[in-house]
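Worksheet: the structure to be examined is printed underneath.
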Amino acid sequence: MSQMQEELRQKAKELLEKGEVRYIIGWGKGRFHHRPPIFIYQAEDVDKLVWDEYCVANLGKYLLDDKFPEGKIGICVRGCDSRAVVRLVQDKQVKREDVCLIGLPCTGKVDQEGRELVKCRDCMHRNPPVYDIVLGEPVEEKGNPDRFKRVEELEKLSSDEKYEYWSNVFDKCIRCYACRNVCPACNCRECFVDQYRVGWQGKQKNCMQNQIFGLTRAYHIADRCIECGECERVCPVGLPLMELNRKLIKDLNSLFGPYEAGVNPDVKPPLGEYRLEDPEEYM
Amino acid sequence: MSLEEQKQVPENWEPTILAFCCNWCTYAGADLAGLNRMKYPENVRILRVPCSSRVNPQFILRAFQKGVDGVLVAGCHPGDCHYVSGNYFTRRRFLLMQRFLEYNGIDPRRFQARWISGAEAGKFRDTMLQLCEEIKELGPNRKLREVK
Amino acid sequence: MSECTCHENPLVPQVCVITDIKKETPDVKTFRVSTRDGKKPFTPMPGQLGMFSILPVGEAMFSITAQGEDYLDFAIKKTGQLTDALHEAEIGQEVGLRGPYGNTFPVEDCKGHDLLFIGGGIGLAPVRSFIRYALEHRGDYGDIDIVYGARSPEDLCFKEDLMENWPKEKNTKVHVTVDQDLSGEWKGSVGFVPAYLESLNFSPEGRKVVLCGPPIMIKFCLQTLAKCGFKDSEVITTLEMRMKCGIGKCGRCNIGSKYVCLDGPVFTMEELSHLPNEY
Amino acid sequence: MQFKKSDLPKILDSMAKEATVLAPMKVKGNSKFAPWGTEGELDFGAQNVLLPPKDCLFPQTEKMYRFETDGLKVNDFEVINESRPTVLFGLKGCDMQSILCMDDVFLTKGYVDDFYKKKRDDLLTVCINCTTVAKECFCDSMGGSPNGHAAADIQLYDLGESYQVKAQTEKGQKAVDSWQQYCNKDEGEIKEIACELKVDMDGVPEKLAGMFEHPIWEEISRKCVGCGICTFLCPTCYCFDIDTTKDGAEGTKFRCWDSCMFSEYTRMAGGHNPRPSKKERVRNRFLHKLEYFKERYDKNLCVGCGRCVAKCPVNLDITSFIDQVKEVASHE
Amino acid sequence: MRRIGVFVCHCGSNIAATVDVEKVVEAAKTFPGVVYAADNKYTCSEPGQEAIKKAIAEHNLNRVVICSCSPRMHEATFRKTIADAGLNPYLLEIANIREQVSWVHTDKEKATEKAIDLARIAAAKAAKDEELFTSTIPIEKRALVIGGGIAGMQAALDIADAGLQVTLVEKESSIGGKMVMLDKTFPTLDCSACISTPKMVTLSQHPNIELMTYSEVTHVGGYIGNFEVTIKQKAKFVNHDICTGCGLCETKCPAKVTSEFDQGLGKRPAIHKLFAQAVPNKPVIDKNSCLKLTTGKCGICSKICPVGCIDYEDKDKEVTKKFGAIVLATGYELIDWTKLYGEYGGGRYDNIITGLQFERMVNASGPTDGKIVRPSDGKTPKSVLFIKCVGSRDVNKGKSYCSRACCMYTAKHAHQVLEKIPGAKAYVSYMDVRTPGKGYDEFYMRTLEDGAVYVRGRISKIYPEGEKLISLGEDTLSNSNVTLETDLVVLETAMVPNPSAEKTAAMIGVGRDKDGWLQEAHPKLRPVETNTGGVFLAGTCQGPKDIPDTVAQASAAAAKVIGLLYKDELETNPMISKVDPQKCAGCGFCIEVCPYGAIELVDFPDRYQGKKIMRKVAQVNGGLCQGCGACTVSCKPGAIDLLGFTNLQILEEVDALCR
């Protein structure tokens, strides 16, 4: 891992010195084993860049803080970040030519106690699908055989048990909106939650309002979720949000054909188009 | 409200069913059912929308939140949509939403979609009969419901 | 400053009635409010605000522009969801009211000074409470000058005060300007308030300035006043837009360690210069 | 005065008879102060309970008053302010200190928040000293101590097999009297411990006072995602918003937690927002925690509980910030 | 406070019978925002509307809710009423308590409760109604007529006579359609060519009509008043500007193929005029049968052509024009009976022909110069059997509907046989005889008097025996089987929609009914309009009909087009989508779901981190947007909203439902 870190620092210095990018987004040292995102403007600061098994946060969404950059932005992208950037380009929030993607094949990350993260265990694209530069050799993809196992388990429950399960989950939600703020698919200028005038969603924190927020947000990103698992990772009360998103992805695949968000920039999200021969149940 | 309390049903309980009907087909079908004096139970409230593609899945969540027991989204047959492709999108959205609600514990019969054209008054009446009967059998819906 | 006396719980309003609605401009109305039994809800000092709630829509802070024996006047501009509902209210409608909140204009240490009131658009409403107070205690104050500007002639608030009542008062001069005049009948000056203020060229000796209006106007007026030699301690303004709960608990109105609801909304520019530039 | 750890459940049951006893528990994978009796097991572990105790004094959603309009008339407001005697059992030093901060805010400076006051008067606080310390705790650098708190009604000291009891207020004394049957007189030897994470706070508020325009804010706020984790998990954050649930003609006015990190927190009528970007918001939160509150109430608003350090998704951590403030020259 | 007035209608007894109207009025008074509620015997009548206007003035209402019949019925009427009273016409909500309550429920108490619910919902929506204003779009003063049969010709002539420019597009090489194939037309028996060819000539010489034969419409974009239509002119290989139509090339062309125009009875050369009196009277080369174009060997026609107008290099040309209105007159085809009726030989026996083939035979300019012959041996048949309803009124084999015109033209055919072949026998096997027109039944009676034998029953089988054709059937009147031995059998087959019309209709967005006929807006009230603005129907493309009805519809469609193009600009539907630039992030997902391409991304000046920038924001074209609302759901933050059915209004309706 540290050999890659040297390569990354070398490439970053080179890009900054040649002026190809104005700054580079990567991971830096934080308290304990935290590797918070870091923004390197000067070539001599490249030594702050870190690449080890603790670099966990998704960097894609920071491009939204600088939508009209003067120069190019360099950004370290693992598999999930690269898919996040592809989605942001598809959503026309980021111009592909404004960004220089430094691809880093990733073998999975660990949490503060060294345990493999759930999101990396389930990762389907360890090599960045889209990049401008790639460092190191591609890692072999291990895929995720039981990608929908948990979803299938839940589907077997009776409807009361399912409701009991999900209302327990949403009873714990404290409405901190971390899941929305880290999600690359959530890039609206004004979220439906903040639109008190239209009144989609109440501000009260109770099980029912949390459920409405959770279900609505899951449905909004149904065909845009890149399964990066950040929402589950950052949730302070540990809600299993990916089980909602994966259910929608499973149905989308079975109903309208296999689709993985953010892998191929030309494939459009399925809910934005239709085919005459879609499955028909309402005749 | 624990699940057991939810099971008791007040005796003369009548289900409240909300139907989003597309103005060009199903709403016209409902009018035709009226013209032909076809009879169906009083539990359904019809909301007119320009096209079934106007119905936002969030309205369905809002309906269950406000205590509706069953929701129907009805529009033109694919190919007949007055707005050319409206119902194709409706079909995609609600095939997904139906499975999603079922996954969250809402009985799928509580939320249905149908294609009913302006000429199919009979089919409209039969849908209403079938819907009311199914929801009456399912009992009041207390899931996702706002406690007053 | 007088305590809020409406209800033992400071966050719960008392029920009052709108007794009169006067249309000042196309988007500003003055609402006269008194309690159900016709009395004055509370006795505010100039510059204080009341929390006005239209049920079931919501509540917001508005300055008390005038007060009488048994009523309080609020001049409110139509800008959002709450004010929309308010502008559709009718006479006899019951509303919730609590207050008064905020500190007051420094009526005491302005005594003996000349007063220069500068208002922009709806900004005249809070300043008017001090003007009326000064005119009631005319002897305590020196010359009074009122500089007021609005977008267009029909956007001028409190026209009868501006045109008839105030000019008749002893050595009180009213200078009115409009940003642009499409109708053509407007005889007064045309131009923005800061430029107009500069042309009037007031001398800073013994004069205190009370300033309130849109942020852009305040910014340029401050520059003009500095040019005329006014010291920051002489310039007083009100930041009532920042107020939310009124009782300094909800944490929203802080500028640095000061809470606008408790330590403001009236500040001298000198006090504000010590605070972080975030208002 | 001591009682054996095995008697603790009995004591809690006895208190639960006429008051709601809240104890730090793990309930369905959620670590919070839960009423004694809900299934889940007590958790006096090193890591502080995730959800802060402020929820019992200042609930996340609190109904204030109900109203009903018919036509132009509004009938009288019906205030909802019922509260039961509660016991906050197993408080750590930092959480106790946070309650004192909240008392200053809600009970002083001209207005007394009636809702808070009623709940505060019904509250009995039972503090416990920390036997182990989490790596994020830094309460002793912020004026607190892991070994108990003087302001708690009752202070318990963990002696391994039993708890040493020390009533510190007459309210506490009254409660301890009711425990007599379980207690014996001897005194145990109390072990003192200290936090691993150290932060040097002196001179920081004064230095921060002059750092409003400092470039450090731009640098540290860049990585913030603007979510509400730090504010909702912080025991001392008290900002709230007031809103209404409308149901036709009647409705309820309620207040709910709000976060200064949300983008529309200071958006005013007409759209003007004095804190438009993350930089202003992060700056305001840190300055409020470390400087503004100190100036106003002469207390640090950060009690060093370490919850935000642990749970911030991008490790925007107040301790690192304080270290940076110490190093950097104040007027760059 | 919104000042809402609620008016509950008795509709005589239609509503009052099962809904306690007074109770609804009392309940309406308690709704939030309602300041006045009243009932009315007939709200849509003159006194009813006056009562509304008076109430609006008296109580200065600013929102109106009317509980009456379906909005599809009287929404326009009531909008005009409140507009006359000075209110914006869109501050109106209608609760349908007739078709969807009183007529469909029996229990009065529950029906009243439902009516109250619907009134409350309408009042909740009305409270959030905003004033809407129509905007205007320019109109292109040109009409396009697709299909050159009698329907297309009549419509084009009427529109052109009104002084408007018309383009008539016909896919064959000449206009005339099916009518010009016929010999005589019922009931007057005047010769079809005599009444249609003069029309064709006046049309070709009409200054306002641009005739584009041998052309097809390939793309239709735009909207009412501003259609952009791309027309492909198929390569004619003959330069019509120089060609004099002398016909020399036709006589010399060696490639002979079966003539579609003669329904396969005769032959025609590769270079051919569709028929003798074709308009334009100039030939085209059929590129599939011309030897020069298929094999490269020949070229006789170019050699002998006196003016040298043959051009083998001719290519298809596409031209795009703007039109204000479109008339579809794509006509019909006959059903392919050979695949459906094996019992009639399935096309194996030459002497079983269709009605149109019979028409071509009996037509003087037809392949047999007017003589009725047996296609097998060319002899004159002594006895002819006509079978009606072949494919029509036959649910399990053919079409369920009646093709309307066959009864009359079968009587005509029988009359022609009896008249042209002295001593011949004409049998007609029928289920019913439908003669619904002026002079129709008298014509049928005369055919009976001429000696036509009408056998009431269906022919179940036909098989050849020697030279004769044996038809087995029954005679339900005498309740006996019958066997008919005839020389010739003519099947009067069903009309079916023109297959190429399906593609054209899909391009324009016009629907088709269950049988494939183009879908009219309303069968009784708007037979010549479609649900797509600015598109009209004429003739059999909308359903089987005879020539008098076709011409009537063609003139009706023309009247509609003239009515539309008479105005300089068109008021647009105000209930369209609108974008809030502050909420729109320019993601463009609404563009993908909009069926009319009414949304585009435009630059929007804004400030971003202190800098002035231009960012992309969606914008709705008022003329194109039809107000379906699909975009509002694809827009997650709700930046685009549908006026008249806003998210806020629908949420209010759902909230009001369970109060």
Side-chain angles (χ1 to χ4, degrees), chain C residues 1 3-4 7-18 36 51 53-60 77 79-83 89-96 101 214-215 239 241-259 261-263 275-279, chain D residues 64-65 67-69 71-77 79 81 105-106 109-118 209 212-213 237-253 255 258 260 265-266 268-272 274-275 280 283-284 287-288 291-297:
Chain C
M1 64 197 173
E3 284 304 312
C4 156
H7 197 284
E8 87 283 357
N9 185 327
L11 284 172
V12 180
Q14 62 172 314
V15 181
C16 297
V17 187
I18 299 179
R36 271 186 176 146
M51 180 65 92
S53 45
I54 278 277
L55 301 155
V57 177
E59 60 179 12
K77 184 175 173 206
T79 53
Q81 187 186 17
L82 174 80
T83 46
E90 298 162 15
I91 294 174
Q93 172 137 9
E94 292 195 338
V95 290
Y101 296 116
L239 300 177
M241 264 206 323
R242 289 296 307 277
M243 296 170 78
K244 166 111 179 141
C245 74
I247 59 171
K249 306 292 185 204
C250 80
R252 201 183 291 271
C253 63
N254 80 307
I255 304 174
S257 60
K258 292 280 184 288
Y259 281 108
C261 285
L262 300 179
D263 313 326
L275 294 177
N277 174 8
E278 199 185 44
Y279 42 83
Chain D
M64 297 203 293
Y65 54 88
F67 59 84
E68 201 168 334
T69 60
L72 299 178
K73 296 288 163 280
V74 170
N75 33 28
D76 288 343
F77 300 110
V79 179
N81 189 3
V105 170
F106 283 107
K109 293 282 183 202
Y111 292 95
V112 172
D113 185 308
D114 207 43
F115 299 102
Y116 183 87
K117 181 167 186 0
K118 207 148 193 255
F212 191 76
E213 300 301 344
C237 268
Y238 55 82
C239 290
F240 60 84
D241 191 6
I242 297 174
D243 203 347
T244 327
T245 55
K246 302 189 266 285
D247 189 6
E250 79 247 359
T252 317
K253 185 72 82 178
R255 69 176 173 185
D258 202 352
C260 58
Y265 174 69
T266 47
M268 297 186 273
H272 176 56
R275 295 191 203 125
E280 289 86 13
R283 171 172 62 192
N284 177 66
L287 286 180
H288 185 225
E291 187 220 342
Y292 298 154
F293 198 82
K294 183 87 174 165
E295 267 171 39
R296 196 173 182 82
Y297 295 98

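Naming: A, B, ... by sequence-line order, numbering from 1 per chain. Quick note: numbers below take in every heavy atom, side chains included, and nothing from hydrogens, waters or symmetry partners.
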At their closest point, which heavy atom of [X] faces which heavy atom of [Y], and how far apart are they?
X: C/P56; Y: D/T244; answer: O-CG2, 3.7 Å
X: C/V57; Y: D/K246; answer: O-NZ, 4.3 Å
X: C/P276; Y: D/F212; answer: CB-CE1, 3.1 Å
X: C/P10; Y: D/Y111; answer: CB-CD2, 4.2 Å
X: C/S257; Y: D/E295; answer: OG-OE1, 2.6 Å
X: D/V74; Y: C/E94; answer: N-OE1, 2.7 Å

Given that the side chain runs from C-beta out, which part of [X] has a heavy atom under 4.5 Å from chain C: side chain, backbone, both or neither?
X: D/K253; answer: side chain
X: D/D243; answer: neither
X: D/I242; answer: both

With a 4.5 angstrom heavy-atom cut-off, which part of C/I91 approaches chain D: side chain, backbone, both or neither?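 For C/I91, the backbone is the part near chain D, not the side chain.
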Atom group of C/R36 that falls short of 4.5 Å from chain D, counting heavy atoms: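 The side chain, not the backbone.
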Test C/K249 against every option in D/F240, D/F115, D/Y116, D/Y238 by the side-chain contact (heavy atoms from CB on, under 4.5 Å) rule and name the one that passes.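 Exactly one candidate clears the test, D/F240.
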Taking D/R296 first and then C/D263, would you say they form a salt bridge - that is, a charged N and a carboxylate O separated by under 4.0 Å?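 Yes, this pair counts.
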Could you measure the distance from the [atom1] atom of [X] to the [atom2] atom of [Y]? Nearest 0.5 Å is fine.
X: C/N254; Y: D/H288; atom1: CG; atom2: NE2; result: 6.0 Å
X: C/L11; Y: D/D114; atom1: CG; atom2: CG; result: 9.0 Å
X: D/M268; Y: C/R242; atom1: CE; atom2: CZ; result: 5.5 Å

Hey, mind stepping through C/V15 and D/D76 against side chain to side chain contact (heavy atoms under 4.5 Å, CB included) and telling me if it holds? CA-CA 7 Å; C/V15 181; D/D76 288 343; 4.1 Å; yes
For chain C, which of D/N284, D/T252, D/L287 has the most heavy-atom pairs under 4.5 Å?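 Max contact count across the listed options: D/N284.
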So, using side-chain contact (heavy atoms from CB on, under 4.5 Å) as the criterion, who are the partners of C/K77 when residues are at least two apart?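 side-chain contact (heavy atoms from CB on, under 4.5 Å) check on C/K77 returns C/D27, C/V28, C/T79, C/I122, C/R151.
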Applying side chain to side chain contact (heavy atoms under 4.5 Å, CB included) to C/N9 and D/M64, what does each step give before you reach the verdict? CA-CA 10 Å; C/N9 185 327; D/M64 297 203 293; over 6 Å; no
Sequence-distant partners of D/Y65, ring pair (Phe, Tyr, Trp, His ring centres under 6.0 Å), two or more places apart: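 For D/Y65 the ring pair (Phe, Tyr, Trp, His ring centres under 6.0 Å) partners, ignoring immediate neighbours, are D/F77.
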